[in-house]
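Sending over a structure as structure tokens; questions will come in a sec.
Residue indices begin at 1 and follow the sequence shown. Owing to the predicted nature of the structure, the values given are computational and were not obtained by experimental measurement.
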Amino acid sequence: MAEIVTKPQFKNSFSLLGTQQGDLYIVDKRCLSHLEEIFENLILEDRTLRTYRRAIGFGENIRKDLIPLLINVRSCIAVDEATKIIDAIVKILLNLTAPVECLLSLEHESQTDVGRHTIFELNRLLITSKAAFTNNRSTKAVVDHIKYIAEQASNLNNEQCESIHNCLLLLRNVLHIPENPFYYSSTSPTSMQNYIVWNLFSQSMDKMLIYLITCPQKVYWVSTMVQLIASLYKDLHVDTLQKLLCLWFDTSLSESSEDNESNTSPQSGRSGESSPVVTSDPTSDSSDNSSKHTGPLKMTLERHKNNTCLFAVETISVSHKSSNANAARKYSIDSGVCLEPVLKNMKRYVPIQISGSKYDVTQLHSKGETVSTSSNDDDQIPEKPIHHFARLGLMRSHNVSLLEKKELKRKKLVKRSKANIINMKAVLHHIPTDEDVADVLKEFTVDLLLKAFSILVQDLYTYLVTNVNVSMDISHFLWLVTYFLKFATQLELDLEFINPVLSYNVVSYLVFQGISLFENFQISCRMSHNVKPCFRRLHLVVTAIREFIQSLQKYDETKHLSNSDHARLLILQRQMIELEELRNFFLLLLRHYNFDHHSNAYLEDIIVTNHHYLLLLDKMSKTEGVKVKIKDHLKEFATIECMRLYGILLENFQGNRNHVNDCIFTMMHHTAGDLENMATLFQPAILRTFSEMWETDFKLCDDWSDLIEFVIHNFMNVSKYDSALNTAENCSTYGLACHFSGTNEMENGLCEQYSQHISISHTTKSFFSTASSAAHSNYIEYEIFSNEVNLLKGYFIKDGKQKYLLWLQKSVLEARLCKLIVTHERSMEYQSQILQPVTYYNTVLNLPIPLVPWTLEQTNIIKYQPFVSLLLHFGFILPGDTDNIFIKIPNFWTSKDMLDIAEQLGPIDYVSPTKINEVKISHRI
């Protein structure tokens, strides 16, 4: 590397770009050709040692040569020539600020001294690059370049769009570079990230971002825009932003509705005259009258110091506060039974009475208690006193009714949404604090939600669905929905602002991505690959669905919505209930919970999200025209494996929020009462937790204590009849616990049962790896000749497994219907026909369609030898033939092929007549 630095050619490439002569900067006539030469050397450098960019870092050429040229070139030469030079500089800087993990294989290079030294020098290059951009003139040059191009014409050409895109990528890379702790502690009272974010917003980058999201050419940079926004928020804790938004509304209630609010009104009547990308006036909604900018809320922000690549956003926000305690309502079963209260004295036990009424545990939550569905409450930030003017405002608005408050909020948001000036505290030479940056991002959040959020989500969804070979990380889409949807509900935005987000297309795509990521995770585990990125994405899917369902519930309870809005929400709820794959998704995740790779936070989010979906399912089951058998669905959770997971989460009952414990007890209540499967609760871990809850001072509501008494007393009574259990044919696995006299003996026996039960899921691969040869060798045994399908069907009938033929037939017909709809370019909601997401989106992307075994019975049937032989006969793709874990319908099958297979499986009239008629009609098109 030292040889490269000392080469005259290397020195000339940078020294000849331009020189500073006094107050003037002189640009070399051949500056553009020198820049092109530098870029070419970067592209052709050694891919292992990266010597050229390391030499640039050693010579500090970014700070000494490239940044001065970027800042001064527009004022030195003709505009057109300056634009070309800036484009070339941006391309070079974009290449130099690429994350190290995108340049090298860190796992491989870190094993050698040379590799470790290379990684160190590349990281040093990144840190010095970020430090160079703390100069507000460097970011201003990039922002001004974007403005100049955007103002040239309404219809930008491809070259101009690429130029803007490169600038956005550069800003994304710079913001993503990890912070230098030495810079923060010694040379500056604030972080480099704060300086850069503050400078960008003081230069009206917020308005530029919203303009680019809504302009006609937005498709060019939609994915980069999400990454850039994510990098802006990476150091801001979600709880901090929620508190700031709450304060923003509370202080607004103290102001008269006729006051001239600087945050919503353009000054001096200039809103109509301003350019869509012009710098805004330095106004702020939440700034006080003091000349010093200190921020509205003094709190300590927790910094996320993970150095992960932004190309796979890995920091997820899983914290959510629901302001409505009624969200803790129970789902019930019309024909079910519930546990009635028993005597509170454990020494005097009276047998429990079973009745048909459902129970309500809303008394669990004290007045004003917030029900949270967060998985990381440990990260919550303590509140500190707010400014005196905010307290006075709250006191003045104390007598305002709830409806009046909501109306004031609505008017404030409507006024804000129509304002053309986006607020920015443009304080020059100000050293921004964490509070300052949080306040600025709060302002940007409000404007983003009102003016661009739904557009960004919709465009990103379209981009992902229509681009088959897109390489974008799905994490960005998942983060966007998860992070901002909670703020939309907190602000109680009108539905018109989030209709494209709170839609059937979005929730169905989340389910599709969930199944895809689940399969990728299982494959990564099997191949012993790094599973953390895939797991984080899978966790993001769960949190995104949770935010979606809770937002839907919140808006459904809102009173100020119009009749048309309520009707639309009802249609969306009906569509979600018809999504069988959404209903079974949480069951699949629970059944395949991996103790080695999954976290308790992930388990908590699955259980809480499933609870909220079941609340929706219960509500809609009482609606006219909705046919949902919620009891049959709950039976799938009343198993040994699922109750074991619920018990594991309950072990931390003292650290759990009441809402989490409530979700656990609700499912256990139905398992023991409605579903009459109490034996699944006779597990050592669950019984031990029940005993601890009873013996400690932990506060129990009546329903929880009733269930604990009921289960413990039944366990004690059943354990007295060992001989009866020995002969009982329907004795469950956990009835075995009663045979063991001691705790250790009981746990050992149960662990053996667990291992036999859980090992089933790990034998699927080995089974299918030999399925093809085994099926062919058994052809003689099954006498398969010309009538082989009928013979195989006979085995299903003989063994009472006809319903699995219908399941296979239904899957094939669903795939055929999707094929016809996609071929004829029809909507996913075809004539009120709801298509299952996994089938539909795999068809759209021309991928094989997986046959997902949602339940334990379906998992077992795919190892049933006649079923495997049937799949081989028709030509399904088996897991043993590929690296997949699911049986798949080939993507090259035509609609006629699928119809022929469905007819061979049985009479089509047996399966969903509406869908089949639709298939037959489509077949004649």
If I compare all heavy atoms of Ala638 with all of Thr680, which pair ends up nearest, and what's the gap? O-CG2, 3.7 Å
Going by heavy atoms in the side chains, are Asp565 and Glu496 under 4.5 Å from each other? no
Min side-chain heavy-atom separation Leu579-Gln836 under 4.5 Å: yes
So Ser508 and Tyr841, side-chain hydrogen bond (donor to acceptor under 3.5 Å, both in side chains) or not? Walk me through it. CA-CA 9 Å; Ser508 62; Tyr841 286 107; 3.1 Å; yes
Counterpart residues, side chain to side chain contact (heavy atoms under 4.5 Å, CB included), relative to Pro500 (two or more places apart): Ser454, Gln458
Salt bridge Glu547-Lys554, side-chain N to carboxylate O under 4.0 Å: no
Can you measure from CG (Leu899) to CG (Leu817) and round to the nearest 0.5 angstrom? 12.0 Å
Assert yes or no for the condition that the ring centre distance of His598 to Tyr602 is strictly below 6.0 Å. yes
Minimum heavy-atom separation for His669 and Leu707, please, with both atom names. N-CD2, 3.8 Å
Within 45 degrees of the ring normal and closer than 6.0 Å to the centroid, is that where the cationic atom of Lys801 sits relative to Tyr864? yes
Nearest heavy-atom pair of Leu650 and Asn656: which atoms, and what distance? CA-ND2, 4.3 Å
For the backbone of Leu493 and the side chain of Tyr555, can you confirm whether one donor and one acceptor N or O come within less than 3.5 Å of each other? yes
Between Ser503 and Tyr461, a side-chain donor and acceptor under 3.5 Å: no
Parallel, tilted or perpendicular: which describes the rings of Phe535 and His539, with under 30° parallel and over 60° perpendicular? tilted
Give a yes or no on whether the backbone of Ser516 and the side-chain of Asn520 come within a donor-acceptor separation of less than 3.5 Å. yes
Salt-bridge present (Asp473, Arg537; N to O < 4.0 Å): yes
Just so I know, are the side chains of Ile648 and Tyr593 near enough to count as touching, which here means a heavy-atom distance under 4.5 Å? no
Tightest non-hydrogen contact, residues Pro879 and Ile885, listed as CG-O, 3.7 Å
If the threshold is 4.0 Å, N to carboxylate O, is there a salt bridge linking Lys619 and Asp556? yes
Run the side chain to side chain contact (heavy atoms under 4.5 Å, CB included) check on Leu805 and Phe867 step by step: do they pass? CA-CA 9 Å; Leu805 289 175; Phe867 189 80; 5.7 Å; no
Evaluate the side-chain proximity of Glu581 to Val852: yes if any heavy-atom separation is below 4.5 Å, no if none is. no
Give a yes or no on whether the ring-centroid distance for Phe586 and Trp854 is below 6.0 angstrom. no
Please report the interatomic distance OG1(Thr859) to CG(Leu588), rounded to the nearest 0.5 Å. 8.0 Å
Distance flag, aromatic centroids of Phe497 and Phe453, threshold under 6.0 Å: no
Quick check: are there more than 12 heavy atoms from other residues, nucleotides or ligands sitting under 6.0 Å from CG of Asp632? yes
Any luck finding a side-chain donor-acceptor pair between Glu857 and Tyr804 under 3.5 Å? yes
Using the benzene-type ring in the case of Trp, are the ring centres of His659 and His612 under 6.0 Å apart? yes
To the closest 0.5 Å, what do you measure between SG (Cys642) and CG (Leu634)? 11.0 Å
Donor-acceptor check, side chain of Lys486 to backbone of Thr482, threshold 3.5 angstrom: yes or no? yes
If you measure from CG on Asp703 to CZ on Phe665, what distance do you get to the nearest 0.5 Å? 10.0 Å
Could you tell me whether the side chain of Val222 reaches within less than 4.5 Å of the side chain of Asp459, counting heavy atoms only? yes
Taking the side chain as everything from C-beta on, heavy atoms only, tell me whether Leu502 gets closer than 4.5 Å to Leu569. yes
Test ring pair (Phe, Tyr, Trp, His ring centres under 6.0 Å) applied to Trp893 and Phe876, step by step: CA-CA 10 Å; Trp893 279 3; Phe876 284 81; 5.1 Å; yes
Check the orientation of Phe637 and His633. Use parallel for under 30°, tilted for 30 to 60°, and perpendicular for over 60°. perpendicular
Is any side-chain heavy atom of Ile686 closer than 4.5 Å to a side-chain heavy atom of Tyr646? no
Kindly say whether the aromatic ring centers of Phe585 and Tyr613 come within a distance under 6.0 Å. no
Salt bridge between Glu604 and Arg657, side-chain N to carboxylate O under 4.0 Å? yes
Do Asp674 and His670 meet the criterion of a side-chain donor-acceptor pair at a distance under 3.5 Å? yes
Can we say Glu636 and Arg591 salt-bridge, meaning some charged N sits less than 4.0 Å from an Asp/Glu carboxylate O? no
Measuring from Asn884:CG to Glu519:CD, what's the distance to the nearest 0.5 Å? 4.5 Å
Check whether any side-chain heavy atom of Val457 lies under 4.5 Å from a side-chain heavy atom of Thr462, and answer yes or no. no
State, without any angle test, whether Tyr509 and Gln513 hold a side-chain donor-acceptor pair at a distance under 3.5 Å. yes
Electrostatic pair Glu580-Lys810, nearest N-O below 4.0 angstrom: yes
Find the distance between CG (Asn661) and CG (Leu649) and round it off to the nearest 0.5 Å. 7.5 Å
Starting from the C-alpha separation in whole Å, work towards a yes-or-no answer on side chain to side chain contact (heavy atoms under 4.5 Å, CB included) for Leu835 and Thr843. CA-CA 11 Å; Leu835 302 177; Thr843 304; over 6 Å; no
Assess whether a salt bridge exists between Arg546 and Asp605, defined as any Lys/Arg side-chain N lying under 4.0 Å from an Asp/Glu carboxylate O. yes
Assess the residue pair Lys888 and Leu851 against the criterion (side chain to side chain contact (heavy atoms under 4.5 Å, CB included)); give the C-alpha distance rounded to whole Å, side-chain angles, the decisive distance to 0.1 Å, and a yes or no. CA-CA 6 Å; Lys888 295 193 175 182; Leu851 196 65; over 6 Å; no
Would you please test Met667 and Met643 for side chain to side chain contact (heavy atoms under 4.5 Å, CB included) and show each step? CA-CA 9 Å; Met667 183 61 75; Met643 286 301 102; 3.6 Å; yes
Residue pair Leu681 / Ala672: nearest heavy atoms and the distance that separates them: CD1-CB, 3.9 Å
Does Asn499 offer a backbone N or O that forms a donor-acceptor pair with the side chain of Arg568 under 3.5 Å? yes
Nearest heavy atoms of Asp662 and Thr666, plus distance in Å: O-OG1, 2.7 Å
Using modelled atom types and a 3.5 Å cut-off, is there a donor and acceptor pairing between side-chain atoms of Asn860 and backbone atoms of Leu856? yes
